[in-house]
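To keep things clear, I will list the structure first and then write my remarks on it.
Any value given below was found using the heavy atoms of this structure, including those in side chains, with hydrogens, waters and symmetry copies removed. Chain letters run A, B, ... following the sequence lines, proteins first, then strands; residues in each count from 1.
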2 protein chains.
Amino acid sequence: MENKTARFEKLLVKNGLKRTAQRLQVLEILSGRDSATSQPYLEQVMGKNADRVTLYRVLQAFEEKGIIHKVLDQQGTANYAICSDGCSAHEHHDEHVHFNCDNCHKIYCLDTVKIPALKVPAGFKVEHLNLIATGLCASCSDKIN
Amino acid sequence: MENKTARFEKLLVKNGLKRTAQRLQVLEILSGRDSATSQPYLEQVMGKNADRVTLYRVLQAFEEKGIIHKVLDQQGTANYAICSDGCSAHEHHDEHVHFNCDNCHKIYCLDTVKIPALKVPAGFKVEHLNLIATGLCASCSDKIN
DNA sequence: GCTATATTTGCAACATAATTGCATTAACAT
DNA sequence: ATGTTAATGCAATTATGTTGCAAATATAGC
Ligand SMILES: [Mn+2]
Ligand SMILES: [Mn+2]
Ligand SMILES: [Zn+2]
Ligand SMILES: [Zn+2]
């Protein structure tokens with residue numbers, strides 16, 4: 001694999017964002033995890049490397065550009081995951097199912113599980129679908145059994 | 001239709017909750033609306049009839065007893081709707097789709113639209129499904145076109 | 001109706017998440 | 001190297017939600 005930091009720098013430039021230490025660190029953290037990352041966790045890990053406000057602004061900019069997507073867990077906490085290819089400022093293509101584990105509270109992007117189309121009452125125009133499953137993740141159901 | 005307040009009083013007694021003015025008012029407000037009601041809206045409408053803390057506790061008690069259910073909108077704001085029959089302290093049966101209008105921001109309970117079952121990766125154990133559709137509600141798509 | 005008791009409420013204090021305005025700093029195009 | 005613009009940090013503010021405790025009140029039993 002090519003140098004990760006170089007890849008992230010290109011990603012920023014491509015999206016018209018300046019290549020700052022804070023932005024690169026957020027991308028590093030998100031890419032190094034197997035599940036979505038909560039804002040509080042990010043804030044804690046960044047520590048004094050970035051002001052809280054900066055973190056919020058970085059996340060907002062990334063979301064707008066289609067670099068990451070936000071998933072709210074069952075408590076309403078914001079969690080962020082890097083988008084798979086194909087997302088852009090114009091449109092997010094992250095309509096996969098998310099899984100929120102009741103035990104470890106991780107949020108997994110189930111990229112392979114698409115949300116089925118829906119029949120809604122007359123008049124309603126569906127734009128996006130957002131499906132969160134809760135239960136036990138593979139790792140937790142292993143441990144418990 | 002029978003006297004609404006009397007019905008609510010029975011509902012409270014049935015659930016072992018005392019019949020207080022604050023609780024009755026919350027039921028009045030929720031039942032008088034065609035969509036889920038946000039906590040901020042409730043707080044505003046209750047005004048000085050109830051302390052903020054009391055409102056939170058009323059909502060929590062109602063949710064635990066299966067009288068109402070909570071829906072988080074796309075911003076993570078808590079919204080509440082009265083449960084259809086069949087919900088109880090032991091189990092909520094509100095696995096219907098919710099519709100969050102991008103224009104008026106109302107959240108509708110689409111009671112007739114059930115969430116389809118899902119095939120998830122091996123190991124994951126699904127307990128609950130939570131599906132929120134966004135777009136234009138019937139009323140807003142009328143107005144706009 | 002009165003009284004005792006358990007529940008519910010209100011208040012104060014606290015915790016966390018998020019936003020805004022503004023001055024300072026840093027990226028990068030030239 | 002320098003100027004311009006974007007990004008950051010800081011302070012203040014708002015919103016949301018929680019906890020402990022004293023005061024108030026709903027109601028069951030008399
Ligand atoms: Mn995802
Ligand atoms: Mn509902
Ligand atoms: Zn888990
Ligand atoms: Zn609408």
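- Listed by first and then second residue, the salt bridge (Lys or Arg N to Asp or Glu O under 4.0 Å) pairs involving residues 104-128 of chain A are A/Asp34-A/Lys106 (not counting sequence neighbours).
- Counting only distance, with no hydrogens or angles, the side chain of A/Asn79 and the backbone of A/Ile107 share no donor-acceptor pair below 3.5 Å.
- A donor-acceptor contact shorter than 3.5 Å is absent between the side chain of A/Thr77 and the backbone of A/Asp73.
- Partners of A/Gln22 according to the side chain to side chain donor-acceptor pair (under 3.5 Å) rule, which considers only residues two or more places apart in sequence or in another chain, do not exist here.
- With DNA chain D read from its 5' end, the first of the two nearest nucleotides for B/Gly76 and A/Gly16 is the one closest to A/Gly16.
- With the nearest nucleotide of DNA chain D identified for both A/Leu17 and B/Lys18, A/Leu17 has the one nearer the 5' end.
- Within a heavy-atom distance below 4.0 Å of DNA chain C, the residues of residues 47-59 of chain A found are A/Arg52, A/Val53, A/Tyr56, A/Arg57.
- Where pairing requires Watson-Crick or G-U contacts shorter than 3.5 Å, the helical stems of DNA chain D with at least three consecutive pairs are C:1-30 with D:1-30.
- For DNA chain C, the contact window with chain B, defined by any atom under 4.0 Å from a protein heavy atom, covers C/dA6 to C/dA12 in 5' to 3' order.
- Separating the CZ atom of B/Arg23 from the C1' atom of D/dT25 is a distance of 12 Å, rounded to the nearest angstrom.
- Atom-to-atom, CG of B/Leu24 to C1' of D/dA26 comes out at 12 Å; the value is rounded to the nearest Å.
- At a threshold of 4.0 angstrom between heavy atoms, the contacts of B/Gln22 are confined to the sugar-phosphate backbone, with no base atom among them.
- When rounded to the nearest whole Å, the span between CD of A/Gln25 and P of D/dA7 equals 18 Å.
- Applying the salt bridge (Lys or Arg N to Asp or Glu O under 4.0 Å) test to pairs two or more places apart or on separate chains, those with a residue in residues 41-65 of chain B are B/Glu43-B/Arg52.
- A donor-acceptor pair under 3.5 Å is absent between the side-chain atoms of B/Asn15 and the main chain of B/Leu17, judged by distance alone.
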Start with the C-alpha distance between B/Arg23 and B/Phe8, add both sets of side-chain angles, then the distance that settles side chain to side chain contact (heavy atoms under 4.5 Å, CB included), and finish with yes or no. CA-CA 9 Å; B/Arg23 284 170 176 166; B/Phe8 291 150; over 6 Å; no
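- Taking the side chain as every heavy atom from C-beta outward, B/Val71 and B/His69 approach each other to under 4.5 Å.
- Ring planes of A/Phe124 and B/Phe99: perpendicular class, angle over 60° (limits at 30 and 60°).
- Under the 3.5 Å distance criterion, the side-chain polar atoms of A/Ser141 are matched with a main-chain donor or acceptor of B/Gly123.
- Atom P of nucleotide D/dT16 and atom CG of B/Asn79 are separated by 11 Å, given to the nearest angstrom.
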